[in-house]
Amino acid sequence: MKEKNTTADKAIVDQPVSETMASDIPTVDACIAHAREVKAAQLELIASKNYDFAPEFYEMTIQLYLFGAMWKFAENLGNVEGARELAFAALLGMLIQDGLHKQKALKRIDFLRKMSKLEDDHNALAVAIGYESEMGDNSLAEIFDHYVDDMQVSGAFWRLYDRGRKIMLYGGLLIAFLVIWFVTLFMPGNSTIAILAAGLIAAALFVIPVFLIGIFIYRTKIRKAKQAH
């Protein structure tokens, strides 16, 4: 599964994804159709497992998995030299077909391109397993099973983070509003800048402790998860 550093491959990789997609539309369309078939089959197989992952991680893992599957599929169609880039082009087309704006889809592909490789230049787990997958196997479940005990990508941890973020945002705004209202009503004569400054300071005095508590909870949970392993 090692990429070939040929001149032809470099020429294809150097093209923007949208240009690659336009240059080989039949192959891209075939890859998209294959990915949709694979996705439907794999999601049906994992439906009963009730995985609880952070939405972003869940979505990214599936997309990287499908990228790997399309990469291999493109190679099987005879596009060995530029198969990797064709797979990215197909994934871009799939995202756009699913309703994502083109510019956002391009940014998503750029993100997935970075996540598809590890620091040692090896393929990410989801990509590698997607590449080696066969129709109807349990390869997607194999990926998710690998991360099922990872606290950092768990749905429960994500929900805790999301609640903490909302508490800081709405709590800070509420405290700032109350202080500004109190100062304006009961301490007339202050300048607008002084009133706003009081509101901002009050909001900071609320947000900072909540943030620090969140960091403490995060480290505690990660430490316990590591000890459990």
Side-chain angles (χ1 to χ4, degrees), residues 1-47 53 56-147:
M1 194 168 62
K2 193 174 182 179
E3 291 181 62
K4 298 177 181 175
N5 297 319
T6 62
T7 304
D9 187 56
K10 186 176 185 300
I12 292 177
V13 171
D14 286 343
Q15 297 181 56
V17 174
S18 56
E19 290 183 18
T20 304
M21 184 167 60
S23 67
D24 200 344
I25 293 176
T27 302
V28 169
D29 287 344
C31 285
I32 293 174
H34 174 69
R36 292 197 184 283
E37 186 178 358
V38 169
K39 183 179 180 180
Q42 290 296 325
L43 290 182
E44 184 177 353
L45 288 170
I46 67 171
F53 291 110
E56 174 61 24
F57 172 79
Y58 184 79
E59 182 181 13
M60 178 192 71
T61 300
I62 291 176
Q63 289 169 348
L64 289 175
Y65 172 84
L66 292 177
F67 161 68
M70 287 191 284
W71 181 1
K72 181 63 174 292
F73 183 76
E75 286 185 346
N76 290 338
L77 291 178
N79 296 276
V80 177
E81 301 298 335
R84 192 173 192 276
E85 199 63 22
L86 278 168
F88 273 124
L91 188 55
L92 172 66
M94 189 174 178
L95 292 174
I96 293 174
Q97 287 180 10
D98 289 341
L100 194 63
H101 189 275
K102 184 177 180 180
Q103 291 304 315
K104 290 184 178 180
L106 286 168
K107 290 181 180 179
R108 183 67 181 178
I109 291 298
D110 184 54
F111 168 74
L112 292 171
R113 190 188 296 276
K114 294 174 182 175
M115 299 303 295
S116 68
K117 288 284 189 180
L118 304 177
E119 291 182 359
D120 56 5
D121 205 39
H122 285 81
N123 292 306
L125 178 65
V127 175
I129 292 181
Y131 184 92
E132 299 293 344
S133 65
E134 299 289 342
M135 185 63 69
D137 63 10
N138 287 301
S139 49
L140 186 59
E142 180 184 346
I143 302 170
F144 284 133
D145 286 343
H146 181 79
Y147 293 102

Would you give the length of the straight line joining atom [atom1] of [X] to atom [atom2] of [Y], rounded to the nearest 0.5 angstrom?
X: Glu75; Y: Tyr131; atom1: CD; atom2: OH; value: 3.5 Å
X: Leu64; Y: Glu59; atom1: CG; atom2: CD; value: 10.5 Å
X: Ile96; Y: Gln103; atom1: CD1; atom2: CD; value: 9.0 Å
X: Leu92; Y: Lys102; atom1: CG; atom2: NZ; value: 7.5 Å
X: Tyr147; Y: Leu125; atom1: OH; atom2: CG; value: 4.5 Å
X: Met70; Y: Leu91; atom1: CE; atom2: CG; value: 4.5 Å

Shortest non-hydrogen contact from [X] to [Y]?
X: Ala105; Y: Leu100; value: CA-CD2, 3.5 Å
X: Gln42; Y: Gly136; value: NE2-N, 4.3 Å
X: Leu66; Y: Ala35; value: CD2-O, 3.6 Å
X: Leu77; Y: Ala30; value: CD1-CB, 4.1 Å
X: Met115; Y: Ala124; value: O-CB, 3.4 Å
X: Ala90; Y: Ile32; value: O-CG1, 3.3 Å

**OP:** Go through Leu95 and Lys104 one step at a time and tell me if the side chain to side chain contact (heavy atoms under 4.5 Å, CB included) criterion holds.
**Re:** CA-CA 9 Å; Leu95 292 174; Lys104 290 184 178 180; over 6 Å; no
Subject >> Criterion salt bridge (charged side-chain N to carboxylate O under 4.0 Å, His left out) against Asp110, the qualifying member of Lys114, Arg113, Lys107 >> reply: Lys114
**OP:** On the 0 to 90° scale, with breaks at 30° and 60°, tag the His34-Phe73 ring pair as parallel, tilted or perpendicular.
**Re:** parallel
Original post:
Under 30°, 30 to 60°, or over 60°: which ring-plane class applies to Phe67 and Phe88, parallel, tilted or perpendicular?
Top reply: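 Judged by the thresholds at 30° and 60°, the geometry between Phe67 and Phe88 is parallel.
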Which atom pairs, donor and acceptor, lie under 3.5 Å between side-chain atoms of residues 138-145 and protein residues at least two apart or in another chain?
residue	atom	partner	partner atom	Å
Ser139	OG	Tyr65	OH	2.5
Ser139	OG	Asp137	OD1	2.7
Asp145	OD1	Tyr51	OH	2.6

Subject >> N-O pairing of Glu56 and Arg108 below 4.0 Å >> reply: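 Between Arg108 and Glu56 there is a salt bridge, with a charged N closer than 4.0 Å to a carboxylate O.
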Subject >> With Asp98 via salt bridge (Lys or Arg N to Asp or Glu O under 4.0 Å) - residues at least two apart >> reply: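 Residues passing salt bridge (Lys or Arg N to Asp or Glu O under 4.0 Å) with Asp98: Arg36.
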